Amino acid sequence: MGEERRRQTERLKEIARKLGFCEVGVAAAEPLEQEFVRYAEWLKRGYQATMAYMEREPWRRADVRTLLPTARSVVVVAYNYYNPARHEPFEQEPWRYGKLSRYAWGDDYHDVLRPKLQRLAEELAHLCPGAESRYYVDTGPVLEKAWAVRAGIGWQGKHSNIISRRYGSWLFLGVIVTSADLEPDSPLRDFCGTCTACVQACPTGAIVEPYVVDARRCLSYWTIETKPDMEIPEAIAQRMEGWIFGCDICQEVCPWNRFQKPTADPAFAPRYGQTCLELDAVLQMSPEEFRQRFRASPLTRPRYAGLQRTVRTWKRVVSAKLVDSHADGAP
Ligand code: SF4
Ligand code: SF4
């Protein structure tokens, strides 16, 4: 029985790697006790800001058996999206450009990962006949990061992202909750040590304590998740540092990302070679042009009006800084 379980688990991992997942691990489907307590405390402090979906039926996140009563295992996969391109146009002319977070340079990861995860769930049904499974890519009430830690994929860094010792933190996660009885992996310990580079580098102080991010201060929240009619608060706007969609600062400074490796998947290469957008081009874009340019990309999330709001904000901030630096006699 134990031998058969080991064989099925190994075979499943081989298939996951063939599908392009760089890390795969398994955890037993037990309740997430401490992890859920931390999540509930995070909600209690209001750190989810206006992301109401995070507050919906929070108790379901404590136990995957609320999603699948027969659950015995949780399979976690990670997909590497690292592309080595840089924000060159911005580095040269920050007053003309805004930066896009690396994960948004290409296609929407939900569209890329979902069919792969579906295929993996189908293979699991062949390997373990009669097994029921549900799969999730950043959807559904699942604490993916907690499961990634339990499944030995990586640890949750002080910036709250999962870090793999072999790939760094440029990873998308997927989860399969299954009734199959698979061989669990051991959780990985935390390798942040005494480092606090991400906490110190965050321009808005959003990492309010190690491992705790307050979305109300985070640039990713303000540039991706907020409704277009919400103005970016001035204290945040003054510290945007050119990010008009997401923010990669806390990951860029992480020493573990010296192990980052370019992804083999062209879906995450910069569309039109662009890692930055020209501010005036966005402001002059029609809604139809926006739809065409960003079809099936993460940029659709803030919608046309949301992206325009953010670009207008950065343009105003950077223009004022430029005027100030001239007034100060800077070259
Ligand atoms: S994404 Fe940016 S703003 Fe948010 S915690 Fe990281 S460094 Fe801070
Ligand atoms: S920058 Fe340092 S503290 Fe932050 S996640 Fe990376 S290793 Fe951990």
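Only a predicted model underlies this, so the values are computations on that prediction, with no experimental measurement involved. Indexing begins at 1, ligand by ligand and atom by atom, following the structure's order.
Inspection of the Arg38 and Gln156 side chains reveals no N or O donor paired with an N or O acceptor under 3.5 Å. Checked by atom type, the side-chain pair Gln238/Glu234 shows a donor-acceptor distance below 3.5 Å.
Remark: Tyr97 pairs with no residue by the ring pair (Phe, Tyr, Trp, His ring centres under 6.0 Å) rule, at least two apart or across chains. Qualifying side chain to side chain contact (heavy atoms under 4.5 Å, CB included) partners for Ser179, counting only residues two or more places apart in sequence or in other chains: Thr70, Ala131, Glu132.
Here is the list of ligand 1 atoms found below 4.0 Å of a heavy atom in Ile249: 7 (S). Annotation for ligand 1: atoms under 4.0 Å from non-hydrogen atoms of Cys202 are 3 (S), 5 (S), 7 (S), 8 (Fe). Of all atoms in ligand 1, numbered sequentially from 1 with element shown, those under 4.0 Å from a heavy atom of Thr204 are 3 (S).
With side-chain heavy atoms closer than 4.5 Å counting as contact, directly or through intermediates, the hydrophobic cluster containing Ile163 also holds Trp155, Leu188, Phe191, Trp256, Phe259.
Among the atoms of Cys218, an N, O or S atom falls under 2.8 Å of atom 4 (Fe) of ligand 1.
Aromatic ring centroids of Phe294 and Phe245 lie 6.0 Å or more apart.
Atom CD of Gln308 and atom CZ of Phe290 lie 8.5 Å apart (nearest 0.5 Å).
Below the 2.8 Å limit, atom 6 (Fe) of ligand 2 has as protein N, O or S neighbours Cys254 SG.
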